[in-house]
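So the structure is just underneath, and the comments pick up after that.
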Amino acid sequence: MDFIFDTHAHYNDKAFNEDRTDLLGSFTESGILGLINCGTDIEESKKSIILSEEFDFIYSAVGFHPEEISKANENYLSEIERLASHKKCVAIGEIGLDYYWTKDNKEEQKRIFTEQILLAKKLKLPVIIHSRDAHNDTLEILKKYKPQGVLHCFSGSVEIMKEIVKLGMYIGLGGAVTFKNARVPLEVAENVPLDRLLLETDCPYMSPVPYRGKRNQSTYISFIAEKIAEARNLSKEEILAAANENAFRLFNISSKSNS
Ligand code: NI
């Protein structure tokens with residue numbers, strides 16, 4: 001059995017409506033040590049917290065995803081702060097910049113991203129960052145404010161990965177490393193320092209081969225770890241052990257479960 005910590009999941013998604021409780025209930029027996037369910041707006045963040053209250057091994061992240069910021073009202077930051085005070089909340093996320101879907105609100109995206117980074121720093125929580133087609137602006141903001149955290153579903157080059165690592169941040173890798181055309185993600189997987197690697201599903205999306213196109217779930221991280229292990233000439237167990245240790249360190253999990 002593989003021991004897995006999934007650092008990025010969305011189990012509130014409607015894709016899990018039919019069997020959510022059964023599936024999550026089966027996870028402790030299939031080696032899932034823990035998972036972080038990420039919010040994308042206030043409602044989803046609240047649902048993440050509720051899920052983390054139902055299952056010991058589920059932790060939550062709360063925040064506004066860049067594609068959802070039109071819903072952020074003037075009180076959004078204090079609402080996130082209130083949710084973040086929950087004992088199972090381990091991060092602010094997912095937050096960031098996405099210029100793939102929307103380019104006409106870049107300044108607004110940057111403002112809300114920055115405000116949430118500053119909140120995370122004030123609360124001494126790490127951030128979970130989404131960055132799509134926006135690596136330069138993301139990097140500029142990270143260099144300026146230097147939060148702790150992870151670039152989730154990292155899609156940048158090895159050069160950008162090195163800049164992120166230099167800032168003391170982590171690189172989250174998922175199903176993309178198993179895809180047939182995965183040259184750049186695999187290069188990143190080969191070169192990322194082992195103490196900066198996190199594994200994630202982003203489920204229900206981003207299923208690794210052989211489940212590509214199907215609904216993703218935390219146990220499939222085995223296929224991601226296997227692929228990275230192959231690329232680095234290590235065992236799958238070594239990759240999983242390193243990534244799990246990194247997740248516990250970044251998200252301060254042991255002290256959370258004792259509190
Ligand atoms: Ni996500």
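Atoms within a ligand are numbered from 1 in the order they appear, just like the ligands themselves.
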Qualifying residue for side-chain contact (heavy atoms from CB on, under 4.5 Å) with Tyr76, from Lys71, Glu81, Gln116: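 Only match with Tyr76 under side-chain contact (heavy atoms from CB on, under 4.5 Å): Gln116.
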
Name of the Glu94 atom (N/O/S only) found closest to the Ni ion (ligand 1): OE2

The Ni ion (ligand 1) to Asp202: nearest N/O/S atom name: OD1

Glu29 side chain vs Ser26 backbone, donor-acceptor pair below 3.5 Å: no

Lys/Arg N to Asp/Glu carboxylate O, Asp56 vs Lys88, below 4.0 Å: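 No.
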
Proximity of Phe5 and Phe248 rings by center, below 6.0 Å: yes

The Ni ion (ligand 1) reached by His65 (N, O or S, under 2.8 Å): no

N/O/S atom of Cys38 inside 2.8 Å of the Ni ion (ligand 1), strictly under: no

Parallel, tilted or perpendicular: rings of Phe154 and His135 (30°, 60°): tilted

With the Ni ion (ligand 1) as the apex, the NE2/NE2 angle for His10 and His8 - to 10°: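 Between NE2 of His10 and NE2 of His8, the angle at the Ni ion (ligand 1) is about 90°.
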
